J.: 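Got a structure for you, questions after.
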Amino acid sequence: MAQKNVSVEEEFHINYSRIANLGIEEISKIAEEVRAKLFPKPGVDYKIYLSKRPPLREGEELITYTQSACPECNSLLTAAVFKRDGKVWIRKVCPEHGEFEELYFGSVEMYERYRKYQVDGRGNIIAHLPVTAPCPYNCGVCTRHRSHAALINVVLTNRCDLSCFYCFFYAKKSGYVYEPSLEHLRYMFRQARLTEPVKPPAIQLTGGEPTLREDLLDIIRIAKEEGFTHIQLNTNGIRLAFDPDLAVKVRQAGVNTVYMSFDGVSPFTNPKNHWEVPYALDNLRKAKLGVVLVPTVIKHYNLSEVGKIIEFGLQNNDIVRGVNFQPVSIVGRMPRKERDKERVTIPDVIKKIEEQTNGQIREEDWYPVPSVAPISRFVEALTGKPQLTLTTHFACGAATYVFQDDGEIIPITRFVHVDEFFDYLDKKAEELEKGKNKYIVMLDLLVNLRKFVDMSKAPRRLREGNKLVKMFYKIFARHDYSSLGEFHYNALFLGMMHFQDLYNHDVARVMRCDIHYIMPDGRQVPFCSFNVIPDLYRDRAQKAFSYSFEEWEKITGKKLIADHYKRNIKKLISGEPYKRHYSKLIDIDSIPYEQHVLASQRFGIPVIEE
């Protein structure tokens, strides 16, 4: 099919059925043509109002000025980040839409501690776009971006078998079907691997619900062929629950980790997949495919269960590798009072975890993402090769590792002197950078490593034969990543990632983002531009390369409504996996069947009895 027959309409929409069968070269040409038409346009898509700084009021202390987008018109504003009442807030004033104030970080104390760890990365020497507009209207990614991508997200489809109220998007809400062809996806994978000096090693296949694609296994194999060494599958787990072979097939195709929604341990906090998760976990066990549980945390909804979610992860630590909490991002426009009912930040979740674990996991056990930068610096200095370095903004995320020992939760900070060890690695990296012999440095590491580990407080299984110290030496000095895997299998990773919305939007965070999306036109866009300003990025680009509902149904011979999941609760709660996974955490016999049904129906999932 000749490229000249493909027209780009004024609303930037291509008849995707006419290009779906094209090869990668033709798709690349079309993507480049369309890209210029999709780019945000000043004066049309946004305006710039940077001259006016928002006022500070009595009892407020300025931390910094930054830039932020208006929640109503996307215009660029000057914003103030400030302290008040022990918390951090952000305020901006749009000349057209007035003042917006939002909670930024729920603890001044944690904010000040975290920002000490901020490290700016080198960004990308080779980028996708020149700098022609201010951030965040030049995303693509440009040379101004301060972090290289650690994880690439690729949307395989916007179809989904659910319609969660807090979801960023899905087909029914969008009004079209976005589902790139295999060759189009290969083009997008290659675009993601263009950046230098560090190419992103990890990719997450996401949606919508990616398991709805019948060619999913082919997509996974293509991602491997294009150089990605770690592949994550982001799913609600429903198809994994009912298809035992699916977990085996995706693992054999190349998936390393399943990233599965899990909002709570009860049907009331997790009506999305509470009933299906036990069956999905059992199928993942059989496939020996590890899973990370991903709770979206909402203040009035499931903040009361964050401790039990961790307990659930520990009870299933044979297959659950981590829990990655995501404080909710406010989707769409919402009045302040309504936002206050939902808004929760990283410190708020961490404090609730401390309360709900009876102090076993404390506030000081968590470290911001860029705190681990000394590890990358040391390995880079030792090998002479550019390393993946996590230099995201300190307010974007936090993490720790915990171990279970005779029923006790032991965070890694109880037996590893984290700050002292990171300082040591920084000093050793500096010595190497100045030319010191690497073998002398490695010997020094071997001798001194045990100083940073208190084996008497370590979990019993890591004490035997100085197992933990040996593991660390293999990881840091010999780059033995099988040892890194062994460490992960012994621990439960706990993460916290708070993606932005237009109310708490901070351009300083966008510029340091290391989780990016590849769009169908080939641009690589930070998460908090792609999803936070969807009308300029995600929705605009996906609509341009989409099918109408009618086109998609005609081509596939399917009906979109056939994707919609119907739940047989009676069958699910009577199964042994359900009882085994939940009986230690909730009184499953005290919940009437009618309450199960009501929880599912309120969430929008119909119940059947067959």
Side-chain angles (χ1 to χ4, degrees), residues 157 159-167 170-173 207-214 216 235-249 258 260-287 291 293-296 298 301-302 304-305 308-309 312 315-316 319 549 553 556-610:
T157 179
R159 289 187 295 131
C160 191
D161 42 11
L162 304 180
S163 51
C164 308
F165 69 89
Y166 53 72
C167 182
Y170 49 89
K172 187 177 178 182
K173 184 186 287 187
E209 175 50 50
T211 62
L212 293 180
R213 285 202 60 153
E214 294 181 356
L216 176 61
T235 176
N236 57 35
I238 288 172
R239 297 218 161 192
L240 286 170
F242 296 110
D243 184 354
D245 294 332
L246 180 59
V248 174
K249 289 177 180 177
V258 168
M260 186 168 70
S261 303
F262 185 72
D263 292 341
V265 300
S266 76
F268 312 111
T269 55
N270 186 23
K272 179 196 291 188
N273 62 359
H274 165 80
W275 300 270
E276 294 80 13
V277 163
Y279 299 89
L281 290 180
D282 274 356
N283 287 334
L284 290 167
R285 280 188 178 93
K286 292 170 187 173
V291 59
L293 304 177
V294 188
T296 298
I298 304 173
Y301 193 66
N302 61 348
S304 60
E305 280 197 7
K308 284 189 175 181
I309 291 172
F312 183 87
Q315 286 182 10
N316 296 282
I319 198 65
F549 290 166
E553 291 182 342
T556 62
K558 300 176 183 178
K559 293 291 184 182
L560 274 170
I561 196 170
D563 290 336
H564 202 64
Y565 176 56
K566 298 178 180 65
R567 175 174 281 142
N568 189 332
I569 288 179
K570 195 163 283 186
K571 184 177 180 180
L572 289 166
I573 62 176
S574 63
E576 184 274 336
Y578 180 85
K579 297 173 182 177
R580 171 165 38 91
H581 282 83
Y582 289 127
S583 60
K584 293 181 180 178
L585 291 167
I586 59 174
D587 185 355
I588 56 178
D589 294 327
S590 70
I591 305 173
Y593 171 70
E594 293 75 18
Q595 290 296 316
H596 284 277
V597 172
L598 188 60
S600 182
Q601 290 175 339
R602 281 178 174 169
F603 195 72
I605 302 176
V607 177
I608 58 172
E609 296 184 13
E610 294 178 353

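All figures in this text were calculated on a predicted structure; none of them were measured in a lab.
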J.: Indicate whether the side chain of E209 and that of T157 have a donor and an acceptor atom separated by less than 3.5 Å.
T.: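 Their side chains do not contain a donor-acceptor pair, so the 3.5 Å distance test is not met.
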
J.: Side chains of Y565 and E276: any donor to acceptor distance under 3.5 Å?
T.: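 Present: a donor and an acceptor within the cut-off.
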
J.: Is a side-chain donor or acceptor of N283 paired with a backbone partner of L240 at a separation under 3.5 angstrom?
T.: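 Yes; judged by distance alone, with no hydrogens or angles, the pair exists.
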
J.: S266 and I591: side-chain contact (heavy atoms from CB on, under 4.5 Å), yes or no, with the steps?
T.: CA-CA 10 Å; S266 76; I591 305 173; 5.5 Å; no

J.: Walk me through it: do Q315 and L585 pass the test side-chain contact (heavy atoms from CB on, under 4.5 Å)?
T.: CA-CA 10 Å; Q315 286 182 10; L585 291 167; 3.8 Å; yes

J.: Under the criterion side chain to side chain contact (heavy atoms under 4.5 Å, CB included), which of I238, V294, N273, N270 is the partner of S261?
T.: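 Among the candidates, only N273 passes.
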
J.: Could you tell me if the side chain of N568 sits less than 4.5 Å from the side chain of I608, heavy atoms only?
T.: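 Side chain of I608 against side chain of N568, heavy atoms only: contact under 4.5 Å found.
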
J.: Answer yes or no: is there a donor N or O on one side and an acceptor on the other, between the side chain of E553 and the main chain of L560, under 3.5 Å?
T.: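 A pair under 3.5 Å: yes.
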
J.: Return the OH to CD distance between Y279 and E576, rounded to the nearest 0.5 Å.
T.: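 Taking OH in Y279 and CD in E576, the distance rounds to 8.0 Å.
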
J.: Mind checking whether D161 and H564 have side chains closer than 4.5 Å, heavy atoms only?
T.: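 Contact flag for D161/H564 side chains = no.
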
J.: Kindly indicate whether the side chain of L281, heavy atoms from C-beta on, has any atom under 4.5 Å from the side chain of V291.
T.: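 Yes - at least one pair of side-chain heavy atoms lies under 4.5 Å apart.
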
J.: Strictly distance-based, threshold 3.5 Å: is any side-chain N or O of Y593 a donor or acceptor partner for the main-chain N or O of I573?
T.: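 The answer is no, because no donor-acceptor pair under 3.5 Å joins these two groups.
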
J.: Is the closest side-chain heavy-atom distance between L212 and R239 below 4.5 Å?
T.: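 Counting from C-beta outward, L212 and R239 do come under 4.5 Å.
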
J.: I'd like to check D282 versus R580 (side-chain heavy atoms, cut-off strictly below 4.5 Å). Are they in contact?
T.: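 The answer is yes, as the side chains (C-beta and beyond) meet within the 4.5 Å cut-off.
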
J.: Calculate, to the nearest 0.5 Å, the distance between atoms CZ and CD1 belonging to F262 and I309 respectively.
T.: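 With rounding to 0.5 Å, CZ (F262) is 6.0 Å from CD1 (I309).
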
J.: Rounded to the nearest 0.5 Å, what's the gap from CD1 on I561 to CZ on F549? Could you check?
T.: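 Reported value, rounded in 0.5 Å steps: 11.5 Å.
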
J.: Please check if the side chain of E609 supplies one atom and the backbone of K570 the other of a donor-acceptor pair under 3.5 Å.
T.: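 Not a single qualifying donor-acceptor pair exists.
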
J.: Under 4.5 Å between any side-chain heavy atoms of R285 and N316, yes or no?
T.: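 They are in side-chain contact.
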
J.: Strictly distance-based, threshold 3.5 Å: is any side-chain N or O of N302 a donor or acceptor partner for the main-chain N or O of G264?
T.: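 Pair absent, no side-chain N/O of N302 close to backbone of G264.
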
J.: Go through the steps for Y578 and W275 under the test side-chain contact (heavy atoms from CB on, under 4.5 Å), then give the verdict.
T.: CA-CA 7 Å; Y578 180 85; W275 300 270; 4.0 Å; yes

J.: Determine the minimum heavy-atom distance between P278 and P577, stating which atoms define it.
T.: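 Looking at all heavy atoms of both residues, the shortest contact is CB-O, 3.4 Å.
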
J.: Write down the atom of K272, the atom of D263, and the distance for their closest heavy-atom approach.
T.: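 Nearest pair, atom of K272 first, then D263: CE-OD2, 4.1 Å.
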
J.: Considering all heavy atoms of both residues, which atom of L293 and which atom of P295 are nearest to each other, and what is their separation?
T.: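 Result for this residue pair: O-CD, 3.5 Å.
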
J.: Report the distance from atom OG1 of T269 to atom CD of E305, rounding to the nearest 0.5 Å.
T.: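 So the gap between those two atoms works out to 3.0 Å.
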
J.: Hey, does C160 have a side-chain heavy atom less than 4.5 Å from the side chain of N236?
T.: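 In contact.
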
J.: To check you understand the geometry: which heavy-atom pair defines the closest contact between P210 and G208, and what is its length?
T.: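 Heavy atoms only, the tightest pair is CD-O, 3.6 Å.
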
J.: Closest heavy-atom contact between M260 and G237?
T.: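 Scanning both residues, the minimum pair turns out to be SD-CA, 3.7 Å.
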
J.: Parallel under 30°, tilted from 30 to 60°, perpendicular over 60°: which one fits the rings of H581 and F312?
T.: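 Answer is tilted, since the angle falls between 30° and 60°.
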
J.: Run the numbers on V248 and K286 for side-chain contact (heavy atoms from CB on, under 4.5 Å), then give the verdict.
T.: CA-CA 8 Å; V248 174; K286 292 170 187 173; 5.7 Å; no

J.: How many angstroms lie between OG1 in T296 and OH in Y301, if you round to the nearest 0.5 Å?
T.: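 Rounded to the nearest 0.5 Å, the OG1-OH separation comes to 10.0 Å.
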
J.: Please report the shortest heavy-atom distance between G604 and P606, naming the atom on each side.
T.: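 Taking every non-hydrogen atom into account, O-CD, 3.5 Å.
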
J.: Side-chain donor-acceptor pair under 3.5 Å between S600 and R567, yes or no?
T.: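 Yes - a donor-acceptor pair under 3.5 Å links their side chains.
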
J.: Salt bridge check, D243 against K249: does any charged N sit closer than 4.0 Å to a carboxylate O?
T.: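 Answer for the salt bridge query: no.
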
J.: To the closest 0.5 Å, what do you measure between NZ (K558) and CD (E214)?
T.: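 Here the interatomic distance stands at 3.0 Å.
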
